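One structure below.
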Amino acid sequence: RKLDEIKRPIATELNAFEKRFRETMRSPVALMDRITYYIVRRKGKQMRPMFVFLSAKACGEINDNSYVAASLIEILHTASLVHDDVVDESYERRGFFSINALWKNKIAVLVGDYFLSKGLLVALKHKQYRILEITSTAVQALAEGELLQIEKARRLDIDEAIYFEVIRQKTASLIAASTEAGAASTTTNEATLQLMHKFGEKIGIAFQIRDDLFDFGTDDVGKPRGIDIKEKKMTLPLIHALNQADPSDRRRIIRLIKKYSDKPEKVAEVIRFVHESEGLAYAEKAMYRYRDEAFELLHQLPESPARLALEELVNYVVERKY
Ligand code: 2DE
Ligand code: MG
Ligand code: MG
Ligand code: MG
Ligand code: MG
């Protein structure tokens with residue numbers, strides 16, 4: 001099903017959220033306001049607010065605190081992407097120029113800092129300490145994941161275990177915080193919160209595996225290919241392909257990534273190598289395993305329209321084309 005249909009049980013809330021979010025983000029500093037406007041106009045698919053509200057609804061009645069959770073998550077997500085593009089020296093985001101591309105690193109760093117503090121203050125203002133704890137824990141994991149990734153990318157010594165650790169921290173932690181914080185806005189049952197955290201973590205891992213598959217252009221539409229290889233980012237399809245290769249192929253491919261990852265024809269050769277191995281099928285299988293584990297957790301909640309929509313959102317995450 002399409003995203004709009006999945007949104008249906010929370011359509012009113014999402015619309016109200018968007019308005020509130022724009023208000024929250026206002027700043028007396030004109031430059032800040034201009035950049036915020038630029039970002040808000042190019043918003044993504046709003047998957048994280050969807051996870052927050054659907055999780056809230058699947059565990060209780062949506063209330064003001066659900067909006068606090070959604071705002072906080074969306075602000076932190078935005079901050080993390082602004083900083084991520086600085087870290088990755090990436091000049092494009094969602095098909096548009098990134099903040100660092102338009103305003104340079106100095107400003108992008110400050111914008112990210114501003115959003116981060118703004119987000120934390122939203123939770124404090126409403127005295128939502130549990131939600132503040134959940135999200136702050138996620139931000140810490142984001143930064144740790146990024147650092148771990150950089151540390152390992154330098155030596156290309158990423159094995160499967162490290163790969164999963166990196167994506168658990170840099171991507172899954174924030175989706176886990178979305179489902180958990182959403183739930184925390186409507187229930188205080190710690191067992192449920194733990195369940196919703198694990199549920200989000202499984203989705204997040206599946207989400208990142210799908211994203212990493214895009215880089216090899218398994219589907220004809222969507223994202224540009226080979227960016228991760230260019231950045232020497234070792235992702236699951238490649239890691240598996242290298243594990244299966246004989247030593248001479250392995251050395252040849254590693255050398256290409258190490259020395260020639262700025263040459264498009266060499267990147268294409270690495271992509272071809274992964275296509276000719278079992279790398280893509282292997283990563284897809286892993287992704288579906290995480291999806292199934294997410295479903296198993298979700299099915300411990302009582303049946304409801306929100307639970308059903310969450311299930312469809314999970315399917316959307318793994319089947320999406322961009
Ligand atoms: C995206 O990974 C991961 C983003 C996490 C970034 C977190 C940082 C810590 P990708 P894409 C920088 C700072 C956090 C704050 C300020 C809240 O693989 O392809 O680079 O979307 O993803 O660029
Ligand atoms: Mg990036
Ligand atoms: Mg990054
Ligand atoms: Mg990517
Ligand atoms: Mg991405």
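Ligands are counted one by one from 1 in listed order, and the atoms in each one are counted from 1 as well. Treat the numbers as computed from the prediction; the structure is a model and nothing was measured.
For the Mg ion (ligand 2), the N/O/S atoms of Asp84 include one lying under 2.8 Å. Checking Asp85 against the Mg ion (ligand 2), every N/O/S atom stays at or beyond the 2.8 Å cut-off. Contact annotation: Asp211 places an N, O or S atom under 2.8 Å from the Mg ion (ligand 4). Within the coordination shell of the Mg ion (ligand 3), defined by N, O or S atoms under 2.8 Å, Asp88 is present.
Side-chain rings of Phe207 and Phe51 stay apart, their centers remaining 6.0 Å or farther from each other. Taking the six-membered ring for Trp and the full ring otherwise, the centers of Phe53 and Tyr67 sit less than 6.0 Å from each other.
For the side-chain hydrogen bond (donor to acceptor under 3.5 Å, both in side chains) test with Ser261, the passing option among Lys266, Glu231, Lys233, Lys232 is Lys232; the others fail. The ring-ring contact (aromatic ring centres under 6.0 Å, His included) test with Tyr38 is passed by exactly one of Trp103, Phe97, Phe96: Trp103.
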